[in-house]
Asker: 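Please find one structure pasted underneath; my questions will follow.
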There are 2 protein chains.
Amino acid sequence: MTTVSIKEVAARAGVSPGTVSNVLNRPAKVAAATRERVEEAIRELGFVRHGSASTLRAGHSRTLGLSVIDIGNPFFTDVAAGIEDAASERGYAVILGNSAGSRAKEERNLRVLAEQRVRGVLIIPTDEDLSRLDRLREHGISVVLVDHPAHRPDQCAVAVDDVAGGRTAVAHLLARGASGVAYVTGPLTIRQCLERRQGALAALEAAGLGPDRLRVAEMAAMNARAGEKAAGDLLAAGLPDAVFCANDLLALGVLRALLQAGVRVPDDVMLMGYDDIEFAAASAVSLSSMRQPTHQLGRIATELVLDECENPETHAHQHIMFQPELVARESTR
Amino acid sequence: MTTVSIKEVAARAGVSPGTVSNVLNRPAKVAAATRERVEEAIRELGFVRHGSASTLRAGHSRTLGLSVIDIGNPFFTDVAAGIEDAASERGYAVILGNSAGSRAKEERNLRVLAEQRVRGVLIIPTDEDLSRLDRLREHGISVVLVDHPAHRPDQCAVAVDDVAGGRTAVAHLLARGASGVAYVTGPLTIRQCLERRQGALAALEAAGLGPDRLRVAEMAAMNARAGEKAAGDLLAAGLPDAVFCANDLLALGVLRALLQAGVRVPDDVMLMGYDDIEFAAASAVSLSSMRQPTHQLGRIATELVLDECENPETHAHQHIMFQPELVARESTR
DNA sequence: CCTCGTATGTAGAACGTTTTACCGACGAGC
DNA sequence: GCTCGTCGGTAAAACGTTCTACATACGAGG
């Protein structure tokens with residue numbers, strides 16, 4: 001319960017508090033003998049630096065803020081794992097906020113992050129209005145957008161090309177012989193859903209097919225249950241050659257409902273998901289999907305935000321756009 | 001970039017800094033008219049309280065630390081979601097640490113949490129040596145064990161009865177007609193794996209069957225790939241009536257490998273998982289599993305830790321043990 | 001009229017670091 | 001023998017809150 005401070009360490013080692021601080025922060029600045037004496041004292045007393053005092057005086061903390069849309073979705077947790085890895089390697093702590101798709105909750109979380117004076121914020125935004133991020137920047141907090149293109153030039157962003165992903169996916173289905181595709185998606189107000197559809201249309205056009213060949217089933221949620229429901233609708237309305245889902249969770253739901261209805265995948269209907277979550281490969285008919293470099297997305301975003309706040313003068317803002325990768329499995333074979 | 005402090009708010013509102021602090025922390029103590037003037041000034045200046053200064057002076061922060069074993073496992077993310085929910089409702093931030101099963105990483109994370117002077121720590125420990133937690137407590141940080149029974153009486157813990165879970169699962173398989181069971185598990189050094197096996201043996205004994213009826217396949221990892229490998233071994237050695245997996249990820253792998261080998265589930269082999277993750281219901285043959293109250297586990301643990309640190313004198317330590325619930329689906333029908 | 005309690009607010013000292021300015025000693029260069 | 005630069009270290013002032021006295025005013029009770 002007794003918290004030992006830098007002063008007591010200093011007394012024990014027979015030096016001034018300033019020297020202890022130097023041992024902690026710029027060990028090179030202090031003579032080897034003294035340094036060892038101080039380190040010894042630190043060990044003996046079990047001293048652990050008071051992060052808040054340090055933050056207060058130094059003007060910046062060693063924590064990053066992270067706001068994700070849905071911590072239950074494996075795609076986001078994979079990204080978060082990458083962020084946590086990179087941050088912890090450099091001695092940064094990560095404060096996690098789950099916006100659960102709610103803008104209000106996201107704002108509340110950002111407020112907490114601002115109070116904590118995090119060094120930087122990594123955010124997977126819930127919607128397209130990013131003005132609240134500018135307010136963070138006014139407080140001197142670096143912000144990097146994750147899985148979202150930049151909304152202004154003086155800002156870093158790490159994204160994955162969703163238009164290309166949609167195009168690649170549908171082009172794959174067409175190459176496998178499909179002549180029409182159903183697109184099962186979440187709300188088209190979600191950027192990812194919208195852009196993947198855009199890509200899908202582009203693929204059709206490139207194949208000389210009209211936009212009428214893409215039947216869109218827009219669901220309220222993006223989980224397996226919604227996928228099952230969508231499959232029911234498709235069954236009722238007549239099956240297309242192929243189904244492209246905006247998300248693996250949807251696809252798994254579709255898959256399950258189709259198999260239960262006696263539809264063979266891929267023989268009767270081909271099926272594609274998106275994200276390539278771990279469970280995509282493990283489903284009974286393994287799922288073709290678009291793989292995104294989730295872990296790397298998180299890692300690079302972290303490196304960018306740390307570079308921005310640790311080297312503000314040399315930092316060059318970057319807009320990084322990864323390309324998703326087609327993973328063809330049984331469901332489109 | 002200019003950070004506005006409580007002083008400037010005070011100047012603007014024509015009061016002293018102490019009064020602003022009171023408005024922030026005990027609004028009841030200040031006259032309505034003054035309070036409004038201060039709140040007005042706060043809004044106009046865009047003041048946001050400096051958490052570190054507050055922590056430094058007040059002696060405690062409004063953050064909780066969370067250390068999980070594997071952020072990629074849906075079971076843990078569900079627990080984490082519950083924690084994040086409860087914490088954010090009360091204005092607490094959560095610092096996330098992923099130990100990735102590594103004890104060294106867990107210790108590094110705990111050190112960071114100690115530096116940040118988190119108010120309390122929620123930990124899903126990687127192993128059974130919990131002495132390092134006592135060191136945290138010496139620093140005045142409350143610790144609550146999650147998904148792990150308490151290791152000392154003066155400590156809170158929220159766990160799920162793994163012995164009962166194993167017993168229920170295997171009893172279910174036996175009731176469905178199995179006369180022998182294969183137990184596919186991760187390392188038996190992991191408490192959960194060990195106790196679930198113990199429960200399985202108890203169920204056999206209760207049915208008048210000997211421990212030789214439980215064939216144990218101990219895998220190094222607990223993911224779908226390990227499950228596939230285990231299924232391969234089972235196929236080579238001769239299939240049992242039923243397979244009980246320590247984890248849904250393993251079970252999904254087993255399921256996939258069995259179906260691919262032409263084995264019918266549940267007709268040829270019954271299959272049970274554990275955790276009841278979202279994907280258990282969505283797999284082609286929906287998976288029977290043991291459901292644990294993940295979200296509630298996190299929520300209650302959070303309430304306990306907050307009660308412990310906010311009301312240390314009235315707080316009563318609790319050892320809460322939930323009972324897992326059998327969810328029977330197609331794979332054991 | 002005096003005292004007392006309550007309601008409201010203020011002044012100023014903490015909290016534990018980091019940082020700036022400064023000091024003494026020592027060796028090199030001239 | 002003098003000046004200078006460097007090295008290793010110290011003293012003390014911040015950083016932005018909260019908290020513990022301590023004021024002041026006012027109404028009630030005697």
Side-chain angles (χ1 to χ4, degrees), chain A residues 1-39 41-42 45-63 91 114-119 139-140 310, chain B residues 1-39 41-42 45-63 91 114-119 139-140 310:
Chain A
M1 193 60 218
T2 53
T3 166
V4 24
S5 84
I6 224 176
K7 261 183 203 163
E8 314 175 43
V9 173
R12 174 98 171 203
V15 297
S16 77
T19 300
V20 177
S21 175
N22 278 335
V23 169
L24 257 30
N25 302 309
R26 324 177 198 40
K29 287 275 171 211
V30 30
T34 333
R35 193 192 322 144
E36 272 179 30
R37 244 184 319 136
V38 171
E39 279 165 353
I42 288 180
L45 296 172
F47 165 79
V48 23
R49 172 221 254 111
H50 196 307
S52 293
S54 166
T55 296
L56 173 58
R57 173 62 233 214
H60 57 252
S61 66
R62 288 187 71 83
T63 55
E115 280 202 4
Q116 295 302 322
R117 293 298 195 272
V118 294
R119 194 82 190 265
H139 280 75
E310 287 181 348
Chain B
M1 193 57 217
T2 55
T3 166
V4 24
S5 86
I6 223 175
K7 260 183 206 163
E8 314 176 43
V9 173
R12 174 99 172 202
V15 297
S16 77
T19 300
V20 177
S21 176
N22 279 335
V23 169
L24 256 31
N25 302 310
R26 321 179 199 43
K29 287 275 169 210
V30 32
T34 333
R35 192 192 323 144
E36 272 179 30
R37 243 183 319 136
V38 171
E39 279 165 354
I42 288 180
L45 297 173
F47 165 80
V48 25
R49 172 221 254 110
H50 196 308
S52 293
S54 167
T55 295
L56 174 58
R57 173 62 232 218
H60 53 78
S61 66
R62 287 187 71 82
T63 55
E115 281 203 5
Q116 296 301 321
R117 294 297 195 272
V118 294
R119 193 83 190 263
H139 280 75
E310 288 181 347

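Letters go in sequence order (proteins before strands), and every chain restarts at 1. Computed over heavy atoms, backbone and side chain alike; hydrogens, waters and symmetry mates excluded. All figures in this text were calculated on a predicted structure; none of them were measured in a lab.
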Asker: Provide, to the nearest angstrom, the distance between the CD1 atom belonging to A:Ile6 and the C1' atom belonging to C:dG16.
Answerer: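 Rounded to the whole Å, the gap is 7 Å.
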Asker: Do you know which two heavy atoms are closest between B:Ile6 and B:Val20, and how far apart they sit?
Answerer: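 For B:Ile6 versus B:Val20, the nearest heavy atoms are CG1-CG1, 3.3 Å.
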Asker: Return the value, rounded to whole Å, for the distance between atom CZ of A:Arg62 and atom P of C:dT18.
Answerer: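 Checked: the CZ to P distance equals 11 Å.
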Asker: Between the side chain of A:Arg37 and the main-chain N/O of A:Ala13, is any donor-acceptor distance below 3.5 Å?
Answerer: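 At least one qualifying donor-acceptor pair exists.
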Asker: Within this structure, what is the CZ-to-C1' distance between B:Arg117 and C:dC15, rounded to whole angstrom?
Answerer: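 Nearest whole value for this atom pair: 11 Å.
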Asker: Could you tell me the separation between the CD atom of A:Glu8 and the P atom of C:dT17, rounded to a whole number of Å?
Answerer: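 Those two atoms, CD and P, are 9 Å apart.
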Asker: By the 4.0 Å heavy-atom rule, please label B:Ser52 as base, sugar-phosphate, or nothing.
Answerer: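 Answer is nothing: B:Ser52 stays at 4.0 Å or more from every strand.
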Asker: Are the side chain of A:Glu36 and the backbone of A:Ala33 linked by a donor-acceptor contact shorter than 3.5 Å?
Answerer: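 Looks like no, no N/O pair under 3.5 Å.
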Asker: Could I get a table of every N or O pair under 3.5 Å where one atom is in the protein and the other is in nucleotides 10-12 of chain C?
Answerer:
from   : atom 1 : to      : atom 2 : distance (Å)
C:dT10 : OP2    : B:Ser16 : N      : 2.9
C:dT10 : OP2    : B:Ser16 : OG     : 3.0
C:dT10 : OP2    : B:Thr19 : OG1    : 2.6

Asker: Can you check the A:His50 NE2 to C:dA14 P distance for me, whole Å?
Answerer: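 One finds 17 Å between P of C:dA14 and NE2 of A:His50, rounded.
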Asker: Roughly how far, to the nearest 0.5 Å, is the CG atom of A:Leu24 from the CZ atom of A:Arg35?
Answerer: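 One finds 12.5 Å between CZ of A:Arg35 and CG of A:Leu24.
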Asker: Can you check the B:Gln116 CD to C:dG16 C1' distance for me, whole Å?
Answerer: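 Interatomic distance, CD of B:Gln116 to C1' of C:dG16: 14 Å.
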Asker: Taking any heavy-atom pair under 4.0 Å as a contact, classify B:Arg26: base, sugar-phosphate, or nothing.
Answerer: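 Touches sugar-phosphate only.
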Asker: Pick base, sugar-phosphate or nothing for B:Val30, based on heavy-atom distances below 4.0 Å to the nucleic acid.
Answerer: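 Sugar-phosphate contact only - B:Val30 comes under 4.0 Å of backbone atoms but never of a base.
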Asker: Report the distance from atom CG of A:Leu56 to atom CZ of B:Arg57, rounding to the nearest 0.5 Å.
Answerer: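 Reported to 0.5 Å precision, the distance equals 12.5 Å.
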Asker: Remember a base hit wins even if backbone is also touched, and classify B:Ser54 as base, sugar-phosphate or nothing at under 4.0 Å, heavy atoms.
Answerer: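 If one applies the 4.0 Å heavy-atom cut-off, B:Ser54 turns out to touch the sugar-phosphate alone, with no base involved.
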Asker: Please report the end-to-end axis angle for the helix from C:dC1-D:dG30 to C:dC30-D:dG1, five pairs per end, rounded to 10 degrees.
Answerer: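 It comes to 50° between the two terminal axes.
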Asker: To the nearest angstrom, how far is A:Lys29 atom NZ from C:dT20 atom C1'?
Answerer: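 It works out to 14 Å between those atoms.
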Asker: Any chance you could measure B:Ser54, atom OG, to B:His60, atom NE2, to the nearest 0.5 Å?
Answerer: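 If we round to the nearest 0.5 Å, B:Ser54:OG and B:His60:NE2 are 7.5 Å apart.
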Asker: Using a heavy-atom cut-off of 4.0 Å to chain A, what are the terminal contacting nucleotides of DNA chain D, in 5' to 3' order?
Answerer: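 The protein-touched segment is D:dG8 to D:dG16.
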Asker: Select from B:Arg37 and B:Ala58 the residue whose nearest nucleotide in DNA chain C is closer to the 5' end of that strand.
Answerer: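 So the residue in question is B:Arg37.
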Asker: Please report the interatomic distance CZ(B:Arg12) to CG(B:Leu45), rounded to the nearest 0.5 Å.
Answerer: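 It is 5.0 Å, given to the nearest 0.5 Å.
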Asker: May I ask you to say what B:Thr55 touches in the nucleic acid, namely base, sugar-phosphate or nothing, with a heavy-atom cut-off under 4.0 Å?
Answerer: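 Result for B:Thr55 = nothing.
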Asker: Measure the spacing between OG1 of B:Thr55 and CZ of A:Arg117 and express it to the nearest 0.5 Å.
Answerer: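 It comes to 11.5 Å.
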Asker: Would you kindly give the CG-to-P distance between A:Leu24 and C:dT19, to the nearest whole Å?
Answerer: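 Distance check: A:Leu24 CG to C:dT19 P gives 12 Å.
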